[in-house]
*Asks:* 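Mind looking over this structure? Questions follow.
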Amino acid sequence: MAKPISTCVWYHSSLSLSDIMNYYQRIFAEQFSFGSINKISDTPSGATEMCNAELLGNSFMFIKTAEEHQPINDAISFVIHCKDQQEIDKYWDYFTNEGKASQCGWCIDKFGLRWQIIPENLGALMAKPGSWEVMMKQQKIVISEY
């Protein structure tokens with residue numbers, strides 16, 4: 001049964017939606033699943049594909065169009081609360097490999113989706129003296145620097 005509310009992520013890409021879903025499947029493994037991909041040909045944004053997916057227990061709809069409808073931007077990001085530096089490194093390295101590093105734990109994956117890769121104890125780290133200055137110098141969060 002569908003949850004009463006879910007997030008829709010709309011991509012513009014020359015790749016297929018299957019390629020996009022497989023990209024996330026590689027990093028999240030069994031924590032990511034997606035349903036059948038439905039194709040709709042004649043839309044104002046060109047050839048369109050859509051599917052439902054679940055990531056870490058959260059429901060999503062993913063749409064991919066041939067032409068850009070609205071660009072993905074920093075107004076929406078996915079936050080991953082990581083248990084340790086190894087987990088931070090895993091996600092950071094994956095998303096920035098073909099994407100882009102930003103600042104303070106933010107990065108952009110190769111499809112333009114924004115991610116915040118942060119330690120689950122970020123609140124405790126930020127309570128330490130000088131923590132803001134440390135964070136402002138970082139792209140990827142390095143816990144040992146706090």
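Here, residue 1 is the first one in the sequence, and each next residue gets the next number.
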*Asks:* What's the verdict on side-chain contact (heavy atoms from CB on, under 4.5 Å) for Trp92 and Ile80, showing C-alpha distance, side-chain angles and the deciding distance?
*Replies:* CA-CA 10 Å; Trp92 184 268; Ile80 301 177; over 6 Å; no
*Asks:* Working to the nearest 0.5 Å, report the span between CD of Gln138 and CD of Glu133.
*Replies:*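 One gets 12.0 Å once the value is rounded to the nearest 0.5 Å.
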*Asks:* When rounded to the nearest 0.5 angstrom, what is the spacing between CG in Asn121 and CG in Asp84?
*Replies:* 10.0 Å
*Asks:* Looking only at non-hydrogen atoms, find the nearest pair between Met136 and Gln103 and report the distance.
*Replies:*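 Reported closest heavy-atom pair: O-NE2, 2.9 Å.
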*Asks:* Starting at NE2 of His81, measure out to CD of Glu120 and round the result to the nearest 0.5 Å.
*Replies:*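 Here the rounded value is 9.0 Å.
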*Asks:* Looking only at heavy atoms, which two atoms of Met50 and Ile40 are closest? And how far apart?
*Replies:* SD-CD1, 3.5 Å
*Asks:* Please identify which of these residues, Phe28, Phe78, Trp115, meets the ring pair (Phe, Tyr, Trp, His ring centres under 6.0 Å) condition with Tyr91.
*Replies:*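 Looking at Phe28, Phe78, Trp115, the match for Tyr91 under the ring pair (Phe, Tyr, Trp, His ring centres under 6.0 Å) is Phe28.
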*Asks:* Could you report the tightest heavy-atom contact between Arg114 and Ile72, atom names first, then the distance?
*Replies:*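 Residues Arg114 and Ile72, closest heavy atoms: NH1-O, 3.2 Å.
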*Asks:* Determine, stepwise, if the pair Tyr23 / Phe111 fulfils ring-ring contact (aromatic ring centres under 6.0 Å, His included).
*Replies:* CA-CA 10 Å; Tyr23 172 77; Phe111 296 109; 5.2 Å; yes
*Asks:* To check you understand the geometry: which heavy-atom pair defines the closest contact between Trp106 and Gln116, and what is its length?
*Replies:*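 Closest pair (atom of Trp106, atom of Gln116, distance): CZ2-NE2, 3.1 Å.
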*Asks:* Considering all heavy atoms of both residues, which atom of Ile88 and which atom of Ile141 are nearest to each other, and what is their separation?
*Replies:* CG2-O, 3.6 Å
*Asks:* Test your reading of the model: is there a side-chain donor-acceptor pair from Ser16 to the backbone of Asp19, 3.5 Å cut-off?
*Replies:*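 Answer holds: yes.
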*Asks:* Going by an N to O cut-off under 4.0 Å, is there a salt bridge joining Lys100 and Asp109?
*Replies:*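 Answer for the salt bridge query: no.
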*Asks:* Between Cys51 and Leu17, is any pair of side-chain heavy atoms under 4.5 Å apart?
*Replies:*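 Result yes, sub-4.5 Å side-chain heavy-atom pair found.
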*Asks:* Is it true that Glu54 and Ser33 share a donor-acceptor pair across their side chains at a distance under 3.5 Å?
*Replies:* no
*Asks:* Could you tell me whether a side-chain N or O of His12 sits under 3.5 Å from a main-chain N or O of Gln70, the two making a donor and an acceptor?
*Replies:*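 No, the answer is negative, given that no donor and acceptor are paired below the 3.5 Å cut-off.
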*Asks:* Write down the atom of Ala53, the atom of Phe34, and the distance for their closest heavy-atom approach.
*Replies:*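 Heavy atoms of Ala53 and Phe34 come nearest at CB-CB, 3.8 Å.
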